[in-house]
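Residue numbers begin at 1 in each chain, while the letters A, B, ... track the order of the sequences.
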Amino acid sequence: MKFTYSWLKEHLETEHQYNEVVDKLTAIGLEVESVQDTGLAYKDFIVGQVLEEEKHPNADKLKLCNVDIGREKVDVVCGAPNVTKGMKVVYAPVGSVIPVNQLKIKAAKIRGVESYGMMCSEYELGISNEHDGIISLEEDAEVGSSFADMSGMNDILIEIGITPNRQDCLGVLGVARDLAAAGAGKLKTREFKTKKGSFESPIKIEIQDNDMCPAFAGSYIKNVKNVASPDWLQKKLKSIGLRPISALVDITNYVMFDQNRPLHVYDADKVKGKIIVRSAQDGESFKALDEKTYNLKNGMCTISDEEKVLGLGGIMGGESTGCNLDTINVLLESALFDNVNTARTGRDLSILSDARYRFERGIDPGSTLEGIHYATQLILEICGGECSEIELAGKISDSLDTIDISVKNIVKRLGLEITNDEIILILNSLGFGAKKNGEIIHCTIPSWRQDIHGEADISEEIIRIKGYENIPTSNIRAINKVNKYILNSSQKIISKAKHFIASEGYNEFITFSFSDSKKSASFGEVEKLKIINPISEDLDILRPSLIPNLLGSIKKNTARGIESLSIFEAGSQYNSTTPEDQMNSICGVKYGLSNSKTWRSEKKEFDIFDVKNDLLNVINYLVPGNKKILISDEAPSWYHPGRSGKIILNKKIEIGYFGELHPRIANKFKIKTRVNLFELLIDNIPITEKKTTNKPQLILSDFQSVTRDFAFILDKDVKSSDLIKAALNVDTKIIKSAEIFDLFEDKSLGNDKKSMAIKVILQSEEKTLDENDINSLGSKIVEAIEKSTSGTVRS
Amino acid sequence: MVDFTKLEQEITNSLSKVTDLESLNECRIKYLGKKGEISLLMKELANLSVEDRKKQAEILNTLKNKILSLIEDKKEELNDRNLNEKLSSETLDVTLPVSSSLGSIHPITQVIEEVVTIFGDLDFYVAEGPEVETDYNNFTALNTSEHHPARQMHDTFYVETQTDNMQNVLRTHTSPVQIRSMLEHKPPIRLIAPGKTFRCDNDQTHSPMFHQVEGLVIDQESNMSHLKGCLEIFLKTFFETDKLKMRFRPSHFPFTEPSAEVDIGYTKKGSQLVIGEGDDWLEILGCGMVHPKVLQNVNIDPNSFQGYAFGMGIERLAMLKYGISDLRTFFECDLRWNKHYGFSPLNFPSLIRDLS
């Protein structure tokens with residue numbers, strides 16, 4: 001909310017400088033968002049008087065003026081049509097800066113004639129859009145004086161953020177009241193004489209639904225003259241950035257921003273019969289003051305007459321009964337509307353208005369009559385006319401809510417020693433009634449505090465005024481135990497995996513949890529993942545997989561000349577948009593060059609075995625100890641069918657996939673070269689709650705080991721894992737390892753044939769193997785491999 | 001009678017002229033080889049009388065040892081010279097580039113790990129909740145009813161599924177983890193909940209996805225003074241400065257009462273923010289005493305239990321600590337950014353070694 005310091009001081013008597021008050025505002029929870037010295041922009045502008053005015057010799061539309069600015073007389077070339085001799089003007093001297101365009105005034109030759117400075121229009125000063133002529137000041141303006149002082153522009157504009165609970169501070173009066181409670185000054189009471197109504201209002205008011213609208217007060221004022229508002233009122237509205245419209249409208253706005261009392265004024269001659277506050281009927285429509293037509297629904301609170309809807313209670317008035325300069329008789333409304341209903345209607349119709357903003361937060365019932373009296377008075381003063389007695393429908397409750405608080409509880413909550421007397425003093429300063437009764441204080445809540453419902457709320461009031469800086473600081477290291485479970489097993493796995501994968505050369509990316517349904521369709525059931533109100537069309541679902549967003553980043557990076565990209569993301573992917581259907585996954589992507597051509601190496605591209613290696617390494621790290629790992633070639637459909645695999649842990653747990661991205665998907669993402677990637681299904685990693693710190697016993701043989709190599713000619717589709725398995729199974733004790741060390745294909749081997757060579761290490765734990773042992777094992781290995789693969793050993 | 005002195009002289013002379021290992025070997029053969037001069041003289045000793053033999057043998061042995069030692073010295077000298085020659089030819093351009101193969105950890109991960117490390121030391125555990133939440137957990141249970149004005153400040157993303165006839169949402173804050181955790185565990189509770197959060201807002205200073213960390217402490221006595229103490233330790237440790245200035249000021253969150261926002265002192269040096277110096281204030285987090293209604297909603301008796309909660313933005317912490325100026329760059333996936341602002345994978349935040 002915006003207000004000026006001078007406006008605040010109409011309600012607050014204070015000796016403090018504005019900056020002290022500003023600090024206080026923040027300290028009591030009315031957070032100052034900006035402070036602006038509005039006079040600063042006008043500090044160089046001076047009141048001047050045109051002494052001479054003649055036509056420019058070289059230009060028809062320009063005039064040469066001699067202007068008295070007090071300290072000297074200057075020549076100014078001026079293009080304004082309204083400049084005349086004797087006119088009091090706003091003079092911008094050489095060196096000053098024009099607020100609207102930030103141009104610095106220089107002495108210049110205009111069509112051959114020297115000009116010093118400029119005479120300004122309201123537009124140029126940023127006061128209004130008036131740019132047809134320069135400002136003509138009142139005749140009593142003193143030549144040479146500061147324009148800022150003279151015009152009242154010399155003020156401080158303060159903007160504060162009001163949290164949703166502090167509806168009471170949505171008017172300058174409320175802000176002053178809070179400041180006074182906090183010791184920043186004394187609240188002034190505004191004296192105004194209430195003129196008694198001289199007749200009964202001809203417009204009666206009927207409330208059909210008291211829940212929607214507990215009270216509606218109307219004041220009928222006849223024979224008004226709706227004019228432009230007087231200077232003081234226009235200035236006030238302009239000072240907080242509002243556009244003055246006409247006295248009747250400006251007065252209601254003024255009272256709203258001053259006292260947080262929304263009002264509405266109807267052209268009474270356009271109201272047919274009585275005012276009826278009722279629920280809208282389905283299908284009814286209404287044209288509001290914002291010139292939009294709204295379709296109403298049952299349950300919305302309307303202000304109607306006997307024919308039509310005139311306005312939406314607490315939200316916006318209608319066009320049909322709007323006031324203009326021809327309005328003669330008016331009905332002024334000051335009412336109470338239910339906050340929940342106002343919020344719902346406003347949200348359903350997407351209407352934002354100052355009235356809605358206030359009513360949905362709750363309005364002080366006490367302001368209903370006070371506001372209508374004050375506004376009626378202003379209308380009479382400014383627009384003349386005669387007012388009726390106030391017509392009040394419904395009931396304004398005058399009973400105040402009460403709460404009993406325990407001082408012990410307050411102290412326990414705040415962690416601050418505070419006496420009964422101080423609590424009572426603070427509550428009184430805020431307008432609460434506070435009566436001590438033993439350990440209990442009986443509090444009466446002022447009508448303007450709609451946010452106070454319990455002891456906790458009162459505790460905030462006390463500490464707010466006492467000052468948060470007075471809360472002591474206590475040590476929290478009190479629990480005498482070691483926290484064993486800072487991270488649970490799954491959290492530990494993710495953290496360890498991230499660091500391990502990054503150490504394999506991958507850079508961690510974090511992408512949006514959203515994705516593009518069109519590009520993600522290959523990865524899951526995108527219809528089940530829709531966001532109702534996405535931020536943009538290409539982020540319209542929750543991602544079914546981490547892959548699409550990472551693929552999206554490839555193009556971005558290659559466009560920046562990056563040839564080699566190793567990236568990963570650890571995060572959630574979704575099977576549907578229910579809270580339960582979220583799973584953790586890690587995806588690593590390698591794209592482009594694994595080695596660039598350097599002085600010591602040839603260039604090489606990443607291949608599927610790079611990602612397979614990385615995935616297996618991380619699995620071995622995360623699942624230490626005994627395990628069985630099986631690699632099958634059945635990866636999901638987004639992988640290249642012939643160049644991908646699945647890793648199965650302990651015969652049944654699918655723990656990860658690796659392979660080349662399916663070329664069709666690569667194409668969709670406009671990626672031209674092969675992409676290799678892996679996925680690690682974090683949630684499938686078995687969690688061993690009882691971790692054993694013991695490692696399995698290590699048995700080291702001291703007998704000599706022997707290495708033997710065997711090569712086979714095999715069908716092309718024989719898998720290396722079959723060779724290894726067959727070899728190892730010959731003697732699981734003596735055969736320590738079997739590895740593929742050579743692989744080639746050549747026409748000489750025959751069609752669809754390949755040669756694969758295996759290196760076997762033999763070592764007994766009981767003796768040194770002799771030639772016989774070795775040869776016998778060797779033939780068994782050959783036999784086993786030939787049998788299981790239908791291949792033949794190469795001699 | 002052989003002139004041993006002359007012979008010694010001759011051998012010494014010829015050895016001194018040797019310039020390579022080959023000629024040295026020839027030299028050795030010439031004098032000490034099977035048919036070498038010394039060897040022959042040795043053989044001739046047999047013809048001498050016992051007395052002479054003994055005398056001559058002594059002289060010959062001395063001479064032989066002397067020559068052996070001379071040859072050894074020469075050999076070492078030649079080897080040394082050869083090595084020096086080899087070394088002088090074996091130079092490399094050591095300025096030729098090499099490359100590192102380590103990847104990097106994202107600053108968000110780093111900061112979350114730092115936060116977890118600090119709060120872990122204060123006996124907090126890490127709790128989690130799903131990113132798709134029920135309306136009830138995200139708002140209603142947190143004392144934010146359907147028409148509460150605070151809801152409109154949240155710019156909520158909605159999804160197509162429902163729970164109890166209410167549209168599910170992408171959680172707008174990590175606070176629903178409070179609800180889930182309190183329903184699951186009885187007090188005392190000390191938890192933090194880092195995670196992703198979502199708001200339908202996308203501009204210079206807002207990202208539709210961002211990260212928060214929530215904190216919750218519920219027991220029989222934790223009060224605002226403890227809250228202050230807790231956050232003071234955290235902020236000083238996190239920003240790695242004991243000079244940190246902290247300011248609590250009143251604010252409002254539907255789920256805490258009293259509520260506060262916390263500012264930290266900073267100054268600007270050039271384009272860099274310096275935390276711990278200066279008189280300007282920067283908002284860093286929101287907190288407060290858990291609202292009794294929230295406790296009631298999770299079946300905890302507010303007359304027996306109380307506590308505090310706090311929440312802060314991970315990106316903001318990262319930006320302030322590591323001088324990252326633009327929020328949106330976190331998720332732009334520009335490898336150059338990740339390499340510049342990322343962290344070594346071997347860097348595990350620790351209070352024993354280094355936090356960052």
Atom of A:Thr577, atom of B:Glu160 and distance for their closest heavy-atom approach: OG1-N, 4.0 Å
Basic-acidic side-chain contact under 4.0 Å: A:Arg560, B:Asp334: yes
A:Asp457 portion near chain B, given a 4.5 angstrom heavy-atom threshold: both
Shortest non-hydrogen contact from A:Pro472 toward B:Lys228: O-CD, 3.8 Å
Considering all heavy atoms, the nearest B:Ala260-A:Tyr468 contact: CB-CE2, 3.3 Å
Donor-acceptor side-chain pairing of B:Glu131 and A:Ser572 below 3.5 angstrom: yes
Exam field: side chain A:Lys412 to backbone B:Gln220, donor-acceptor pair closer than 3.5 Å: yes
Side-chain (B:His226) to main-chain (A:Ser474) donor-acceptor, under 3.5 angstrom: no
Check: A:Leu30 main-chain N/O paired with B:Arg249 side-chain donor or acceptor under 3.5 Å: no
Considering all heavy atoms, the nearest B:Glu113-A:Ser495 contact: OE2-OG, 3.3 Å
Working for side chain to side chain contact (heavy atoms under 4.5 Å, CB included), residues A:Ile486 and B:Phe119: CA-CA 9 Å; A:Ile486 298 171; B:Phe119 282 110; over 6 Å; no
Centroid-centroid distance, B:His106 to A:Phe509, less than 6.0 Å: no
Distance-only donor-acceptor check, side chains B:Thr109 and A:Glu508, under 3.5 Å: yes
A:Glu469 with B:Arg247: basic N within carboxylate O range, under 4.0 Å: no
Chain A interface, residue from B:Pro258, B:Pro292, B:Gly288, B:Pro250 that has the most non-hydrogen pairs under 4.5 Å: B:Pro250
Atom of B:Phe157, atom of A:Ile531 and distance for their closest heavy-atom approach: CD2-CG2, 3.8 Å
Atom CD of A:Glu527 with >12 non-hydrogen neighbours under 6.0 angstrom: yes
Main-chain N/O of B:Leu335 paired to A:Asn557 side chain as donor or acceptor, under 3.5 Å: yes
Largest heavy-atom contact set with chain A, pairs under 4.5 Å, which of B:Glu133, B:Glu128, B:Glu261: B:Glu128
Closest non-hydrogen atom pair, A:Leu487 against B:Val126: CD2-CG2, 3.6 Å
